[in-house]
Protein chains: 2
Amino acid sequence: MRNINPDLRVIRTKESIRYALVELINEKGFDAITVKDITTRARINRGTFYAHYQDKFDLMTRCEEEIMLDMSRLTKQNYPSVIAALEIDSQTLTPFSFTVSLFEYLQINSGFMKAVLGPRGDLSFQTRLKKFMWETLYGNNPNAFVKEENLLVPGQYLAAYMGTAIIGVIQQWLESGGKESPQEMARILTTISVNGPFFAAGLKK
Amino acid sequence: MRNINPDLRVIRTKESIRYALVELINEKGFDAITVKDITTRARINRGTFYAHYQDKFDLMTRCEEEIMLDMSRLTKQNYPSVIAALEIDSQTLTPFSFTVSLFEYLQINSGFMKAVLGPRGDLSFQTRLKKFMWETLYGNNPNAFVKEENLLVPGQYLAAYMGTAIIGVIQQWLESGGKESPQEMARILTTISVNGPFFAAGLKK
DNA sequence: TGTAATAAACAACAGGGTGTTCATTATTAT
DNA sequence: ATAATAATGAACACCCTGTTGTTTATTACA
């Protein structure tokens with residue numbers, strides 16, 4: 001557990017580091033960033049950075065951790081009812097509203113999310129998010145979306161398909177400026193997932 | 001244009017460099033690799049590396065270029081007939097065999113592909129492949145899969161959905177050892193794409 | 001097979017980022 | 001006001017980079 005009451009200076013420092021990180025990802029990509037870049041941009045002594053983080057990867061991981069924690073909370077809150085709704089009567093209202101909440105969350109954190117999920121962002125985060133999706137859909141919990149019973153294809157691939165597709169749509173949304181509302185994005189995602197890409201393309205009646 | 005008839009020594013050198021690259025990606029991830037790592041592993045003088053490539057990113061790009069060229073060729077050869085078949089009678093045999101060819105190609109190059117598409121691979125390649133998929137599905141060519149006419153959702157998102165889903169399934173396949181045959185993988189992908197994830201999960205009649 | 005061409009090896013270089021340490025200064029909490 | 005502590009600044013050895021010039025080994029070809 002972290003100290004409940006951190007010094008004001010610590011808060012300032014960490015905030016400016018993170019702000020600099022996002023800026024620099026957008027400018028030159030996470031790959032190309034050095035600790036020196038970050039501290040210069042954050043107008044902070046390099047030694048101060050090392051007082052808080054081991055290196056830029058550690059910094060990245062810490063930031064990601066918070067996001068993943070939020071995502072977990074959001075999922076724990078909403079996911080069970082989604083599964084229940086689908087089991088009982090295959091109605092898609094509950095998955096829809098869950099997706100709305102997801103996009104609302106992404107919208108709030110769009111600065112960080114766009115940078116880190118973008119083409120010059122951080123692969124390890126994208127991997128992590130993908131894994132989270134996969135496990136949520138297919139994980140060992142009995143309450144997953146993918147149930148071995150009536151599958152037409154192996155569950156691992158169905159989960160990979162859906163998980164990466166969702167992330168792909170999120171990336172496209174963030175990359176193109178996040179113009180659509182969370183409601184519209186949820187409509188798009190559920191339409192494709194429920195009816196299938198071919199149907200959504202107008203190729204199937 | 002490159003010299004048609006390169007020195008034997010050049011061939012050997014480049015080959016050992018690429019072999020080392022793949023090994024090292026698997027061991028420590030592309031991020032963590034240094035030029036020194038590569039040359040030590042390839043048992044090559046560091047200066048020799050710089051005679052062929054600017055840096056590790058240049059090396060990576062050159063490798064990726066060849067793959068992308070193959071993918072383009074494969075697509076040019078098969079894609080038009082896929083689109084035609086879908087337009088005429090919505091039969092899915094042609095997309096199926098195209099997908100088989102794709103997985104056959106991936107299988108041949110699985111060493112490199114697994115490394116570079118893996119969780120510690122190269123984000124820039126994954127981005128590039130995603131873009132290729134997106135443009136193939138939605139690009140400005142009139143013969144794309146996604147046609148503005150009967151769309152239920154914006155084309156950019158449908159293309160992002162399908163493109164990333166395909167890549168996700170490929171990654172899952174490579175990551176889990178490539179056990180399924182290209183035919184089986186094509187069946188899986190077309191089943192989900194044509195009927196939709198919900199149907200493939202057994203949630204829809 | 002001998003020879004000219006050239007790739008690879010070797011060595012040395014300045015330059016820059018890393019991660020650490022320690023003394024000094026500034027800010028915070030109380 | 002003061003004790004605690006975070007941030008600064010400077011210095012350090014270390015490692016990797018990218019380049020250059022010289023020497024050695026291999027290759028292509030006549």
Side-chain angles (χ1 to χ4, degrees), chain A residues 1-63 66 115 120-124, chain B residues 1-64 66 120-124:
Chain A
M1 278 293 117
R2 208 69 115 312
N3 190 354
I4 284 299
N5 216 6
D7 200 306
L8 262 183
R9 289 167 292 181
V10 176
I11 296 172
R12 267 205 300 271
T13 301
K14 290 197 171 182
E15 216 170 72
S16 59
I17 287 178
R18 291 183 183 210
Y19 193 80
L21 175 67
V22 171
E23 274 190 349
L24 286 166
I25 290 177
N26 289 324
E27 284 172 29
K28 45 157 65 181
F30 183 66
D31 263 8
I33 295 176
T34 67
V35 172
K36 196 167 184 292
D37 287 335
I38 297 169
T39 55
T40 304
R41 178 64 60 97
R43 291 203 248 135
I44 272 189
N45 192 275
R46 202 162 56 85
T48 307
F49 178 92
Y50 288 108
H52 294 289
Y53 307 103
Q54 281 177 26
D55 48 37
K56 70 164 179 170
F57 300 102
D58 184 40
L59 165 62
M60 194 74 238
T61 306
R62 301 281 191 84
C63 295
E66 289 178 22
R120 319 182 71 188
D122 180 26
L123 180 60
S124 84
Chain B
M1 279 291 118
R2 208 67 113 312
N3 190 353
I4 283 300
N5 215 7
D7 200 306
L8 262 184
R9 289 166 292 183
V10 176
I11 296 171
R12 267 204 300 270
T13 301
K14 290 196 170 183
E15 215 170 71
S16 59
I17 286 178
R18 290 183 183 210
Y19 193 80
L21 174 66
V22 172
E23 274 190 349
L24 287 165
I25 291 175
N26 289 324
E27 284 173 29
K28 47 159 65 185
F30 182 67
D31 263 9
I33 296 177
T34 66
V35 171
K36 195 166 184 291
D37 287 334
I38 297 169
T39 55
T40 304
R41 178 63 60 96
R43 290 202 248 137
I44 274 188
N45 190 274
R46 201 163 56 84
T48 307
F49 178 94
Y50 287 109
H52 294 290
Y53 306 103
Q54 282 178 23
D55 49 36
K56 71 165 179 169
F57 299 103
D58 183 40
L59 165 62
M60 194 74 239
T61 306
R62 301 280 191 86
C63 296
E64 293 170 357
E66 290 178 20
R120 319 181 71 190
D122 179 27
L123 180 61
S124 83

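Reminder, nothing fancy here: chain letters follow the sequence lines and each chain counts from 1.
Inter-residue side-chain proximity for A:Y53 and A:V35 is flagged as unmet; no heavy-atom pair is nearer than 4.5 Å. No side-chain heavy atom of B:K56 sits less than 4.5 Å from a side-chain heavy atom of B:D37. Residues A:E27 and A:L24 have side chains in contact (heavy-atom distance under 4.5 Å, counting atoms from C-beta outward). Residues B:L59 and B:I38 have side chains in contact (heavy-atom distance under 4.5 Å, counting atoms from C-beta outward). Counting only heavy atoms from C-beta outward, the side chains of B:D55 and B:D58 approach each other to under 4.5 Å.
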Identify each atom pair where a protein N or O and an N or O of nucleotides 4-7 of chain C are less than 3.5 Å apart, giving names and distance.
residue, atom, partner, partner atom, Å
C:dT6, O2, B:R9, NH1, 3.3
C:dT6, O2, B:R9, NH2, 3.4
C:dA7, O4', B:R9, NH2, 3.3

Residues B:R43, B:S16; criterion side chain to side chain contact (heavy atoms under 4.5 Å, CB included); working and verdict: CA-CA 8 Å; B:R43 290 202 248 137; B:S16 59; over 6 Å; no
Output, in order, the C-alpha distance, side-chain angles, deciding distance and verdict of side chain to side chain contact (heavy atoms under 4.5 Å, CB included) for A:F49 and A:T13. CA-CA 8 Å; A:F49 178 92; A:T13 301; over 6 Å; no
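Within the model, atoms CD1 of B:I44 and NE2 of B:H52 stand 7.0 Å from one another, a figure rounded to the nearest 0.5 Å.
The CD-C1' distance, from B:E15 to C:dA8, rounds to 17 Å in whole Å. Atom P of nucleotide D:dA25 and atom CD1 of B:I44 are separated by 17 Å, given to the nearest angstrom. Between the CG atom of A:L8 and the P atom of D:dT5 there is a distance of 16 Å, given to the nearest Å. Between A:I11 atom CD1 and D:dA7 atom P the separation is 11 Å, expressed in whole Å. Residue A:F49 contributes atom CZ, which lies 16 Å from atom C1' of D:dA6 at whole-angstrom precision. Atom CZ in B:F57 sits about 13 Å away from atom C1' in D:dC16, given to the nearest Å.
Residue-environment remark: CD (B:E15) stays at or below the threshold of 12 foreign heavy atoms within 6.0 Å. Within 6.0 Å of NZ in B:K28 there are more than 12 heavy atoms belonging to other residues, nucleotides or ligands. Around atom OH of B:Y50, more than 12 heavy atoms belonging to other residues, nucleotides or ligands sit under 6.0 Å away.
Near DNA chain C, meaning a heavy atom under 4.0 Å away, there are no residues from residues 23-31 of chain A.
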How does protein reach along nucleotides 11-24 of chain C, written 5' to 3' as B (base within reach of a heavy atom under 4.0 Å), S (only sugar-phosphate), or - (no contact)? ------SBBB----
